[in-house]
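Here the structure is laid out as structure tokens; the discussion comes afterwards.
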Amino acid sequence: QGREIWRHPLGTRDGEVLANGNVLVAITRQGGEGARYPGGGAIEVTRDGKVVWEYLGTQSEVNTAQRLANGNTVVTEAGPKPRLLEIDPAGKVVVEFPIQCQLQNHHMQSRMTRKLQNGDYLVPQLFDFVVREYDATGKVVHEIGTRRFGEAESWPFTAIRLGDGHTL
């Protein structure tokens, strides 16, 4: 009906409404003295604004927030050492590996990573003009170059694995 029903005051890059009605979002880096998210972050927040789960980014940005069926959360960090993390509900990192990408422009390293049903991770890498599929050890098992689809600057922002195995 075109009505705004909820808003979070901080900028975000990725997120989803969870089955419990809470919202999971990747928080944009917040600058200034006393800022809570100088390296970005990921939070699960109730509709009344209470943060019930939080990850504080350690580099330049957090660009992914995906909650998995087992309760773990996938995040990606952009920065001098770009990486993918899978974090359990207690905050323990259960998967961590470096993302193989350009290092000159942290903001354009990755977006909206998704864990696939086969356990791999699909990572859009903007300035590398590629979507890479990594296994849980960080090995690249497949990649799709995006320059071949037209313009030289076809930045992949998101990639979705369809049920038939194709990637959109």
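Along the sequence shown, residues are numbered consecutively beginning with 1.
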Using atom types as modelled and distance alone, determine if a side-chain donor or acceptor of Gln1 lies under 3.5 Å from a backbone N or O of Arg3. no
Tyr55: partners by side chain to side chain donor-acceptor pair (under 3.5 Å), with sequence neighbours left out: Glu77, Arg83
Side chain to side chain donor-acceptor pair (under 3.5 Å) filter on Thr73, not counting sequence neighbours, yields Arg67
Shared hydrophobic cluster for Val62 and Leu24 (ILVMFWY, side-chain gaps under 4.5 Å): yes
Would you say the side chain of Thr113 lies within less than 4.5 Å of the side chain of Leu84, judging by non-hydrogen atoms? yes
Could you state whether Val131 and Val141 fall into the same hydrophobic cluster, counting links through intermediate Ile, Leu, Val, Met, Phe, Trp or Tyr residues with side-chain heavy atoms under 4.5 angstrom apart? no
Going by the salt bridge (Lys or Arg N to Asp or Glu O under 4.0 Å) test, which pairs reach into residues 46-57, not counting sequence neighbours? Arg36-Glu54
Between Gln30 and Thr28 (side chain of the first, backbone of the second, donor and acceptor by atom type, cut-off under 3.5 Å), is there such a pair? yes
CA sep, side-chain torsions, deciding dist, call: Thr12, Ile27, side chain to side chain contact (heavy atoms under 4.5 Å, CB included): CA-CA 5 Å; Thr12 66; Ile27 296 296; 4.3 Å; yes
Going through the checks in order, is the side chain to side chain donor-acceptor pair (under 3.5 Å) test met by Thr146 and Ser154? CA-CA 6 Å; Thr146 61; Ser154 297; 5.4 Å; no
Check: Glu4 side chain, Arg7 main-chain N or O, donor-acceptor pair, under 3.5 Å: no
Within-4.5 Å side-chain heavy-atom neighbours: Gln100 and Val140: yes
Is there a chain of hydrophobic side chains (I, L, V, M, F, W, Y, each step under 4.5 Å between heavy atoms) that links Leu56 to Leu85? no
Measure from the side-chain N and O atoms of Gln66 to the backbone N and O of Lys115, and report whether any donor-acceptor pair falls under 3.5 Å. yes
Kindly determine whether Lys81 and Gln59 satisfy side chain to side chain contact (heavy atoms under 4.5 Å, CB included), including the steps that lead there. CA-CA 8 Å; Lys81 296 181 179 180; Gln59 297 186 62; 3.8 Å; yes
Enumerate the ring pair (Phe, Tyr, Trp, His ring centres under 6.0 Å) contacts for residues 60-114, please, sequence neighbours excluded, ordered by first and then second residue. Phe97-Tyr121, Phe97-Tyr134
For Arg114, which residues count as a side chain to side chain donor-acceptor pair (under 3.5 Å) partner, sequence neighbours excluded? Asp14
All salt bridge (charged side-chain N to carboxylate O under 4.0 Å, His left out) counterparts of Arg111, not counting sequence neighbours: none
State yes or no: do Phe129 and Leu126 share one hydrophobic cluster built from I, L, V, M, F, W and Y residues joined by side-chain heavy-atom distances below 4.5 Å, directly or via other members? yes
Pro82: side chain to side chain contact (heavy atoms under 4.5 Å, CB included) partners, not counting sequence neighbours: Ile99, Cys101, Leu103, Gln109
Who else is in Ile160's hydrophobic cluster (ILVMFWY, side-chain heavy atoms under 4.5 Å, direct or via others)? Leu162, Leu168
Applied to residues 116-129, the salt bridge (Lys or Arg N to Asp or Glu O under 4.0 Å) test, sequence neighbours excluded, yields none
Taking Asn22's backbone N and O only, do any of them form a donor-acceptor pair with Thr46's side chain (distance below 3.5 Å, no angle check)? no
Give the intermediate values and the outcome of side chain to side chain contact (heavy atoms under 4.5 Å, CB included) for residues Met112 and Asn63. CA-CA 6 Å; Met112 300 182 78; Asn63 292 319; over 6 Å; no
Ala159 and Thr167: which non-hydrogen atoms are nearest, and at how many Å? CB-CG2, 4.1 Å
Closest approach of Glu44 and Leu18, non-hydrogen atoms and distance? CD-CD1, 3.5 Å
Run the side chain to side chain contact (heavy atoms under 4.5 Å, CB included) test on Glu133 and Leu116 for me, step by step, so that the C-alpha distance in whole Å, both residues' side-chain angles and the decisive distance to 0.1 Å come before the verdict. CA-CA 9 Å; Glu133 183 174 334; Leu116 303 174; 3.8 Å; yes
Using the rule that Ile, Leu, Val, Met, Phe, Trp and Tyr join whenever any side-chain heavy atoms are under 4.5 Å apart, tell me whether Tyr37 and Val25 fall into a single cluster. yes
Who passes ring pair (Phe, Tyr, Trp, His ring centres under 6.0 Å) against Phe127, sequence neighbours left out? Trp155
Applying side chain to side chain donor-acceptor pair (under 3.5 Å) to Asp135 and not counting sequence neighbours gives Thr137
